[in-house]
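Some notes on the structure that comes next.
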Amino acid sequence: MIWNTQHINPQQDLYSYYQEREQKKLQQHGDNTIAIVGGGPKGLYGLNHFVNRVRIDRATKSYKVLWFNNDELFGCGPNYSIHQPDFLLINYCIGHLNAFHDKYSQKEDQQNFMEWLSKVKCIGTDVQPTDFASRALVGYYLQWVAKETMRQLPANVQLQLIAEPVVAIAEQHSKARIETNTGSWDVASILLATGHCYNNTPLINESEVTAVSYIRSPYPVSKYDDIASDSKVGITGMGLTFIDIALALTEGRGGTFDNGEYCPSGKEPLIYSFSRTSLPIFCRGPQYQEKRPLHLLNASKFKLWMQQPTKIDFEKDVLPIIEQEIQLRYYAVQFNENDLEHLQSLINAIPLQHRFTLHKLLKPNLTSEEEILRYIEENIEEAQRGEQNSPLMAAASVWSEICPSIAELYSSVGFTGNSQQQLDQYYFGAFNRVSYGPPIANMEKILALARAGIIRFLPLKKPTIRWQEVGSVFVVCDENGKATSFNTLIDARIGRPSLHQHNAALYDTLLSQGLICPHQNEAYFPGTLSMDKRGKCNTLARVPIYCYGANTEGVFFDNDSLSRTKNDTSCYWVDDTIRTL
């Protein structure tokens with residue numbers, strides 16, 4: 001079952017609720033004004049942490065919390081906007097969704113996503129942990145959590161929602177001054193939960209482009225409404241974002257899917273998809289079952305690594321064991337064998353050239369569109385079998401199981417600069433491609449669109465893009481000169497922190513003012529700002545300023561936008577704020 005906004009009773013949006021009930025209560029509270037910058041899930045979690053801590057500590061001081069966001073989508077942010085189409089789905093089953101923290105279970109009316117959905121649904125279907133949901137529906141849940149947090153505000157905490165982008169932060173004596181285009185506020189503490197605010201490096205020189213559409217950021221998908229149905233659209237990237245764009249240009253235009261086939265509306269453009277690897281993302285079934293044991297990368301192994309006095313070389317010390325573990329998991333399913341010694345003897349009997357390897361998992365060689373389509377078909381078949389029965393999907397699941405422990409190593413003991421760079425720039429994306437894919441239903445739609453001739457996959461080696469004035473088209477070429485042209489270019493990559501590329505307006509301003517500096521690991525600069533291992537900005541000592549979420553990438557690893565506990569730096573911000581104010 002895939003749940004969407006049509007399956008629940010009407011819900012009031014958070015900003016309207018705030019305007020009706022909270023704005024009337026605003027008061028000034030002297031020096032104890034703090035700010036949360038960013039209205040998505042991480043900003044919500046920071047607010048919830050602070051409110052609950054004030055209640056638990058029975059603080060007598062009065063606080064005013066200013067919550068900034070670029071628009072009125074507080075609680076959900078753009079990724080889980082309640083206004084986006086229901087065909088945009090989350091990529092894991094709903095049994096894992098819970099926006100509350102266990103430590104506050106006695107202090108608030110906590111409901112995980114399944115419990116909330118069971119109360120607000122308007123159809124008789126039972127809610128199952130292996131179901132999926134639209135991102136808009138998850139957005140309504142997040143906004144409900146925010147409403148519950150607001151309803152339980154202590155008398156000494158006032159909350160103000162400011163729907164304006166923060167354009168600058170300046171030092172102001174013992175405070176920090178937050179500026180928008182219409183006003184400024186002096187605050188004593190800041191949580192920066194700015195989310196995915198980063199632009200990609202331009203694919204082409206924009207000044208050369210005339211009379212054509214170059215879309216640098218993929219969301220919201222409503223921006224594709226003006227693309228003509230007779231256009232040829234090139235999409236760089238073959239991951240989750242590509243799927244969203246493809247569905248917006250097809251299902252979002254009235255096309256329908258029926259029993260594995262696509263019924264076009266006649267409004268679809270022709271879509272070309274390509275990437276530097278030509279590898280589609282793996283889909284996956286509901287991952288809500290007991291896993292087979294990890295033989296090598298178990299808790300004791302990670303405990304030994306955590307006790308090391310020096311940084312770890314990811315490629316030399318960790319990656320070879322990951323490869324062994326993935327091979328063991330693959331054959332454990334194939335041979336239905338969990339005994340390590342017997343399993344290893346079975347693997348040793350297989351000729352080396354025929355063994356399943358990490359390279360075969362991460363880097364299959366797909367040289368034609370037919371091979372790409374067959375790869376997608378086989379992945380769907382394996383995902384339908386599930387991790388318990390498919391050796392391939394079992395092997396792919398190893399990364400998601402060990403990733404929390406890898407993240408702990410990353411932010412505590414640390415990896416050497418060169419090996420961290422390899423992990424950040426290659427292995428992270430390669431492993432995520434096979435481990436964190438979309439629901440099977442979405443990849444079945446992509447396959448149906450390809451069979452209908454609406455999506456064409458371009459297996460290009462080292463693709464380059466240029467603008468051609470003759471005909472006003474983009475041209476993508478591979479290293480052998482094979483070329484394809486199209487009218488519209490969409491960048492489906494998700495930007496990551498990159499201070500040296502000046503790809504986020506707020507952080508670029510802070511950098512130019514000397515208020516932040518780049519994080520560095522030996523000779524490697526990951527792209528984010530310098531912070532300590534609790535997320536506190538290293539260069540603004542007068543005011544507690546903490547980072548939480550995507551802006552910590554490079555210091556912390558594998559941020560999950562919905563996780564309440566992974567890389568939770570907001571708890572440290574709350575501790576520091578309450579202690580110092």
Side-chain angles (χ1 to χ4, degrees), residues 2 4-7 78-79 81-91 132 134-137 139 203 209-275 280-281 283 369 372-373 376 380 438-458 465 467-468 471-476 484-493:
I2 298 177
N4 63 48
T5 59
Q6 302 301 310
H7 298 141
N79 282 2
S81 168
I82 59 175
H83 304 305
Q84 63 189 310
D86 273 322
F87 55 73
L88 303 179
L89 308 180
I90 60 172
N91 63 327
F132 285 87
S134 71
R135 294 211 290 269
L137 182 60
L203 295 167
V209 180
T210 58
V212 74
S213 182
Y214 170 34
I215 302 175
R216 285 190 60 184
S217 57
Y219 298 106
V221 295
S222 58
K223 65 175 63 179
Y224 310 131
D225 292 347
D226 294 333
I227 296 176
S229 58
D230 60 352
S231 294
K232 294 181 179 179
V233 178
I235 303 175
T236 177
M238 298 173 72
L240 293 169
T241 307
F242 153 70
I243 295 172
D244 290 347
I245 298 169
L247 294 181
L249 292 170
T250 54
E251 188 173 6
R253 295 188 169 200
T256 58
F257 294 90
D258 182 27
N259 197 29
E261 295 186 359
Y262 181 67
C263 305
S265 66
K267 301 177 182 179
E268 301 87 350
L270 181 59
I271 300 169
Y272 292 94
S273 175
F274 61 96
S275 71
I281 194 169
C283 65
E369 184 174 25
I372 292 176
L373 292 178
I376 294 174
I380 291 172
I440 295 171
N442 267 6
M443 194 55 82
E444 288 178 326
K445 290 180 178 180
I446 295 300
L447 182 60
L449 290 170
R451 286 171 172 166
I454 292 172
I455 291 179
R456 297 295 307 275
F457 290 104
L458 304 177
I465 304 170
W467 164 245
Q468 180 175 289
S472 297
V473 293
F474 297 95
V475 179
V476 60
T484 304
S485 62
F486 35 83
N487 314 102
T488 301
L489 173 62
I490 303 176
D491 191 342
R493 301 170 300 164

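As the structure is a prediction and not an experimental result, all values here were calculated from the model. Nothing fancy with the numbering, it's 1 onward along the sequence.
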| task | For Tyr214 and Leu203, indicate whether the former's side chain and the latter's backbone hold a donor-acceptor pair under 3.5 Å. | result |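 A pair under 3.5 Å: yes.
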| message | Looking at Gln84 and Ser134, would you say the former's side chain and the latter's main chain have a donor-acceptor pair under 3.5 Å? | response | no
Let me confirm one number: the [atom1]-[atom2] distance from [X] to [Y], rounded to the nearest 0.5 Å.
X: Leu249; Y: Asp225; atom1: CG; atom2: CG; answer: 9.0 Å
X: Phe87; Y: Leu247; atom1: CZ; atom2: CG; answer: 6.5 Å
X: Thr484; Y: Leu458; atom1: OG1; atom2: CG; answer: 4.5 Å
X: Ile455; Y: Ser273; atom1: CD1; atom2: OG; answer: 7.0 Å
X: Leu137; Y: Leu89; atom1: CG; atom2: CG; answer: 10.5 Å
X: Ser213; Y: Ile490; atom1: OG; atom2: CD1; answer: 7.0 Å

| request: Give a yes or no on whether Asp226 atom CG has more than 12 heavy-atom contacts from other residues, nucleotides or ligands under 6.0 Å away. | output: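 For Asp226, atom CG is not crowded (no more than 12 foreign heavy atoms under 6.0 Å).
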For [X], check side-chain hydrogen bond (donor to acceptor under 3.5 Å, both in side chains) against everything at least two apart and list the hits.
X: Ser217; answer: Lys223
X: Lys267; answer: none
X: Ser485; answer: none
X: Thr250; answer: none

Heavy-atom side-chain proximity of [X] to [Y] below 4.5 angstrom:
X: Leu270; Y: Ile454; result: no
X: Pro269; Y: Thr488; result: no
X: Pro280; Y: Ile372; result: yes
X: Phe132; Y: Ile440; result: no

| said: Walk me through whether Val473 and Asn487 qualify under side-chain contact (heavy atoms from CB on, under 4.5 Å). | reply: CA-CA 5 Å; Val473 293; Asn487 314 102; 4.1 Å; yes
Going by side chain to side chain contact (heavy atoms under 4.5 Å, CB included), name the residues that satisfy it together with [X], two or more places apart in sequence or in a different chain.
X: Arg451; answer: Glu377, Leu447
X: Gln6; answer: Asn4, Asp86
X: Ala448; answer: Phe257, Tyr262

Which pairs of donor and acceptor atoms, one on a side chain in residues 229-241, lie under 3.5 Å apart (sequence neighbours left out)?
residue : atom : partner : partner atom : Å
Ser231  : OG   : Ala228  : O            : 3.1

| message | Just to verify, what does Arg456 make a salt bridge (Lys or Arg N to Asp or Glu O under 4.0 Å) with, not counting sequence neighbours? | response | Glu369
| salt bridge (Lys or Arg N to Asp or Glu O under 4.0 Å) against Glu444, all qualifying residues, sequence neighbours excluded | none
What are the two closest non-hydrogen atoms of [X] and [Y], and how far apart are they?
X: Met443; Y: Ile376; result: CG-CG2, 3.8 Å
X: Gly255; Y: Ser265; result: N-CB, 3.8 Å
X: Leu449; Y: Ala246; result: CD1-O, 4.4 Å
X: Phe242; Y: Ile271; result: CE1-CG2, 4.5 Å
X: Ala450; Y: Leu373; result: CB-CD2, 3.4 Å
X: Val476; Y: Phe274; result: CG2-CE1, 3.8 Å

| What pairs of residues pass the salt bridge (Lys or Arg N to Asp or Glu O under 4.0 Å) test when at least one of them lies in residues 237-253, not counting sequence neighbours? |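 Of all non-adjacent pairs touching residues 237-253, those that pass salt bridge (Lys or Arg N to Asp or Glu O under 4.0 Å) are Arg135-Asp244, Glu251-Lys445.
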| said: Filter on ring pair (Phe, Tyr, Trp, His ring centres under 6.0 Å), then keep only pairs touching residues 219-241, sequence neighbours left out; what's left? | reply: none
